[in-house]
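Accompanying notes for the structure given below.
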Number of protein chains: 2
Amino acid sequence: MSARARILDAIRAGEPVSRVELARRTGLTEAAVSTTVRKLLDEGLVLETGRSPSGGKPRTLLRLDPAARVAVGIHHDGDRIIYVLTGQTGGVLARLATPAVSPSYAAGPLADGVERLLSVAGVDRDRCLGVGVATADGPPPDEIAGFPVLSQDQATAAAVGAYWVERVEPERPFAALYLGTAFGAGVVLDGRARPAGFGHVCVLVDGPECWCGGRGCLEAVAGPRTVITSGGPAGFDAVARQARSAPGPCREALEASAGYVAAAAETVVNLFGVNLLVLTGPGFAAASFVYGPAIARRIRAADARTWKRSVTVTVSPAATIAAATGAAALILQSHLTR
Amino acid sequence: MSARARILDAIRAGEPVSRVELARRTGLTEAAVSTTVRKLLDEGLVLETGRSPSGGKPRTLLRLDPAARVAVGIHHDGDRIIYVLTGQTGGVLARLATPAVSPSYAAGPLADGVERLLSVAGVDRDRCLGVGVATADGPPPDEIAGFPVLSQDQATAAAVGAYWVERVEPERPFAALYLGTAFGAGVVLDGRARPAGFGHVCVLVDGPECWCGGRGCLEAVAGPRTVITSGGPAGFDAVARQARSAPGPCREALEASAGYVAAAAETVVNLFGVNLLVLTGPGFAAASFVYGPAIARRIRAADARTWKRSVTVTVSPAATIAAATGAAALILQSHLTR
DNA sequence: CGATGATTCTTAAGCCAGTGAAGTAACCTC
DNA sequence: GAGGTTACTTCACTGGCTTAAGAATCATCG
């Protein structure tokens, strides 16, 4: 990893931050930090923004210029396509939703969406670094509206998004659990995101058969389709709403699901050694009042008695559009790494 | 990762290999490879060993000099202490076992063992890079017999050992499952080994309580202590021997355990996305005839229907001393990385 | 047998990132 | 406003790597 990348990543995670702190955190010399930051300032990627007293000359604080570069994220979540425009810090500048199209990643409609998003936000094309796509099924086109495209499965993209939005430290191992139409997870280790087959963790050795052919997969035992009880309301969100308003079969179905998800989450924390778990995606957004406490309870217990590494469980604040913002973060991440 | 490290690692995984191949595999230019290899030859770390025709000038093949540098690995496995001396390629040059001592990592006795091992092998102290310790309980001393010490838990150490002995490609994600007095696992991703809490993967949501306080952990449901049936012979090895000689309760106990271990192994492959699984450690060495097929069967099935990335399952050829050779490999690995 | 071509490896000049050490800037206290 | 303290900058230098050109070593073929 180049000095430039290390410094940008340290600013991402720690902003606002001074040059001396950057030197300490990246292990580079102050001289190297000074010259590289000079370049970043000249390029307009970084801003000087205030000072903090220190006993001698005050530190000048640095942060990423949120508006210097932007990226577009796209997520086809089943019934609609979500477009998000983020700044360099991962913050959402504008968003847009259109009805789903078929095939899922037809370049034409996606290009229209991107153009509309950019014009709504009043952002110049030159400042846009690229388009990220959070995929659920097929691969997206190589180019959308003339922009380079990067893609990742939705859960991994959401993990990258959380890495930016939550300002996770690069050394801190963390996992994002995703619930959309299905379960997924992404794990970030040493700043590299990788998918994890969370939905097909086996939670019941001789459980019901899963569409994947396995037995007792989390998806088959506790997936959203099992939660939508035959007699209940149509759709996961409706179940969650009803469960929230009053106890009853809907809440029980969610609680049952949450018990299994918590067990699978424990396995993830256990195997990857992460100490931060982010719940994200529309499913967890709708039903976080059940899943959040259930998972946190189980993880806290295991942490207290065994791991002892103060594992944190949080629900992503923008969980419904997490995959789209994550897709945009893929672009930011790739521009940072180079 | 420096060019030197990349080249050494590529030779480790691919030897014998020519300079052009190294350039291709590491992404460095041929010029850079040439000069760094020159240095490695001068230092005596690498040997030129034959040539291979190529249409033009034949390629000169390079390999690590097995005897150029050596490392010592130590593993305290409960009833005895195993010392292993390995060459630069991870091959075992000499070994030694002494009765266990208490406390487990008393510097004095360990130093004696190391000195005896070196003198038995007739190896000069200068050529020994250091001492690795595969730990099960406490931390080892910082220094043994005047050598620097590195340590890792036994399963992770065994994973590093397998990485060397099996010549795993650096980009290839792989996991080593370990069975000694308990289960463990190490996973190597991007050339970095990390421990994975394999023994406490939950395989039965409301299973029996584990000593760790959890419920339904692999260790509690299928660990060696559960295999040693109350009426059966004393010790896991005895059970394995009896199971091998004839069907009966011992074989059944192992088969039952293997079913759960296979499920947990599937979870590991699924979450980490590895495509190579190595079974190692004395437990798997003794009972590989049961665990090997059971795990391979389950993994093969899941791979055929879902993953489709040709996952390989193997049993380590030197599984009984894997932790010790792995400990020595820790030293090799650290000297390579610098 | 010597020219030709192919391929591998080496050498030389240059570039660039990062280091070390010394210098400058900005604030505090007294 | 002098002196101390900390933050940042400048500059000469080093070393690793690249590009480009050259040397070595084999096969082939007239």
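Letters A, B, ... mirror the listed sequences (proteins, then strands); counts begin at 1.
- Taking both residues in full, the closest heavy atoms of A134(A) and A323(A) are given as CB-O, 3.5 Å, listed atom of the first, atom of the second, then distance.
- S54(A) comes within contact range of the sugar-phosphate backbone alone, with a heavy-atom separation under 4.0 Å but no base atom that close.
- If you check every strand for non-hydrogen atoms under 4.0 Å, R51(A) touches sugar and phosphate atoms only.
- Backbone-only contact: T60(B) has heavy atoms under 4.0 Å from sugar-phosphate atoms and none from a base.
- Comparing dC26(D), dC27(C), dT10(D) by their closest approach to the side chain of T35(A) singles out dT10(D).
- Between the side chains of S34(B) and R19(B), not a single donor N or O lies within less than 3.5 Å of an accepting N or O.
- Distances were taken from every side-chain heavy atom of R19(B) (C-beta onward) to each of dA20(D), dA7(D), dC9(C); the shortest belongs to dC9(C).
- For the residue pair V72(A) and L118(A), the shortest heavy atom distance occurs at CG2-CD2, 4.4 Å.
- Under the 3.5 Å distance criterion, the side-chain polar atoms of R12(A) are matched with a main-chain donor or acceptor of Y163(A).
- In this structure, F174(A) has its ring center at least 6.0 angstrom away from the ring center of F272(A).
- Taking atom CD of residue E30(B) and atom C1' of nucleotide dA12(C), one finds them 16 Å apart after rounding to whole Å.
- In terms of position along DNA chain C, the nucleotide closest to M1(A) lies nearer the 5' end than the nucleotide closest to the other residue of the pair G56(A) and M1(A).
- We find that CZ of R24(B) is positioned 10 Å from P of dT8(C), with the value rounded to whole Å.
- Rounded to a whole Å, the CG atom of L28(B) is 13 Å from the P atom of dG16(D).
- Across all strands shown, A3(B) has heavy atoms under 4.0 Å from sugar-phosphate atoms exclusively, and none from any base.
- Rounded to a whole Å, the CG atom of L61(A) is 14 Å from the C1' atom of dT6(D).
- Between K39(B) and A31(B), the one whose closest nucleotide on DNA chain D sits nearer the 5' end is K39(B).
- Toward the 5' end of DNA chain C, the nearer of the two residues P58(B) and P58(A), judged by each one's closest nucleotide, is P58(B).
- In this structure, E21(B) places its CD atom 14 Å from C1' of dC9(C), rounding to the nearest Å.
- Rounded to whole Å, atom P of dT9(D) lies 12 Å from atom CG of L22(A).
- The nearest whole Å value for the distance from the CG atom in L62(B) to the C1' atom in dT8(C) is 12 Å.
- For R59(A), the listed nucleotide lying nearest its side chain is dA7(D); candidates were dA7(D), dC9(C), dG18(C).
- The side chain of T29(A) has dG20(C) as its nearest neighbour among dT18(D), dG20(C), dT10(C).
- If K57(A) and E48(A) are placed on DNA chain D by their nearest nucleotide, the residue sitting closer to the 5' end is K57(A).
- The aromatic rings of Y178(A) and H75(A) sit perpendicular, their planes meeting at an angle over 60°, well past the 30° parallel limit.
- Computed from coordinates, the R6(A) CZ to dA17(C) P distance equals 14 Å when rounded to whole Å.
- Within the structure, every side-chain polar atom (N or O) of S34(A) is placed at least 4.0 Å from both OP1 and OP2 of dA7(D).
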